[in-house]
Amino acid sequence: GNGINDDWEVQYFGHIGIDPNADADGTGQKNLFKYVAGLDPTNPTSVFLLQINSITNQPTQDKLLFNPLASGRTYKPQFNTNLVNGTWLPLTGYLGPVTNGNQITITDPNATQPNKFYRIDISLP
């Protein structure tokens with residue numbers, strides 16, 4: 001298969017066998033990602049967002065906010081310091097998570113590298 005549940009394909013597209021790499025609604029998030037993240041692939045406002053904010057008077061800390069949360073998913077924050085040939089590693093030692101509705105906030109108290117990039121690895125059981 002294509003890694004996407006047949007019931008989900010029928011629910012949103014009316015048939016099975018959709019292209020997992022297509023971007024049905026033009027958001028830049030592919031069908032397979034939208035399935036794993038629990039999003040609606042036909043709604044351009046249904047997207048997963050990760051926002052990284054600096055913290056006033058805390059130059060070594062970054063705050064990560066991500067949403068929406070979908071039931072049955074696991075969310076693992078990761079970081080990388082070199083997007084060319086670096087490796088994505090688990091973000092450890094963070095503060096939180098703090099849940100507010102369908103948004104999670106965590107704080108990285110060790111954001112000391114000049115180039116520290118973040119992502120959220122989302123997985124299904």
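Source: prediction; values computed, not measured.
Checked against I4 for a side chain to side chain contact (heavy atoms under 4.5 Å, CB included), the options D7, D6, N2 give a single hit: N2. Checked options T81, D108, D62; the residue passing with K116 is D108 (criterion: side chain to side chain donor-acceptor pair (under 3.5 Å)).
When hydrophobic clusters are built by joining Ile, Leu, Val, Met, Phe, Trp and Tyr residues whose side-chain heavy atoms come closer than 4.5 Å, directly or via intermediates, L69 is grouped together with I52. A continuous path of Ile, Leu, Val, Met, Phe, Trp and Tyr side chains, each step under 4.5 Å between heavy atoms, connects I106 with L89, placing both in one hydrophobic cluster. Tracing side-chain contacts under 4.5 Å through hydrophobic residues (I, L, V, M, F, W, Y), one never reaches V47 starting from I120; they form parts of separate clusters. L50 is connected to L32 through a chain of hydrophobic side-chain contacts under 4.5 Å among Ile, Leu, Val, Met, Phe, Trp and Tyr, so both are in one cluster. Following chains of ILVMFWY side-chain contacts shorter than 4.5 Å, one cannot reach L49 starting from L91, and the two form parts of different hydrophobic clusters.
In this structure, G38 and A70 approach most closely via the heavy-atom pair CA-CB, 4.0 Å. The two residues K34 and D40 make their nearest non-hydrogen contact at NZ-O, 3.4 Å. Closest of all the heavy-atom pairs between N110 and Q113 is O-OE1, 3.5 Å.
Contact check for T42 versus D25: no side-chain heavy atoms found under the 4.5 Å cut-off. The side-chain heavy atoms of F13 and P41, taken from C-beta on, include a pair separated by under 4.5 Å. The shortest side-chain heavy-atom distance between Y35 and P20 does not fall under the 4.5 Å cut-off. Under the 4.5 Å side-chain criterion, counting only non-hydrogen atoms from C-beta, Q58 is not in contact with T107. Looking at R73 and L124, their side chains come closer than 4.5 Å, going by heavy atoms from C-beta outward. Considering only heavy atoms from C-beta on, N31 stays 4.5 Å or farther from Y12 through its side chain. Between F79 and T92 there is no side-chain heavy-atom pair separated by less than 4.5 Å. With contacts defined as side-chain heavy-atom distances shorter than 4.5 Å, the pair F33/I122 qualifies.
In this structure, the separation between NZ on K63 and CG on N53 is 8.0 Å, given to the nearest 0.5 Å. In this structure, CG in L83 is found 5.5 Å from CH2 in W88, a value given to the nearest 0.5 Å. Between atom CG of residue L39 and atom OG1 of residue T45 there is a gap of 10.0 Å, rounded to the nearest 0.5 Å.
No more than 12 heavy atoms of other residues, nucleotides or ligands lie within 6.0 Å of CG in N100, so this atom counts as exposed by the packing criterion.
Note: F48 and Y75 have parallel aromatic rings, judged against thresholds of 30 and 60 degrees for the angle between ring planes.
Remark: the N80 side chain and the Q78 side chain contain no N/O donor-acceptor pair separated by less than 3.5 Å.
With hydrogens and angles disregarded, no donor-acceptor distance shorter than 3.5 Å links the side chain of Q103 to the backbone of N67.
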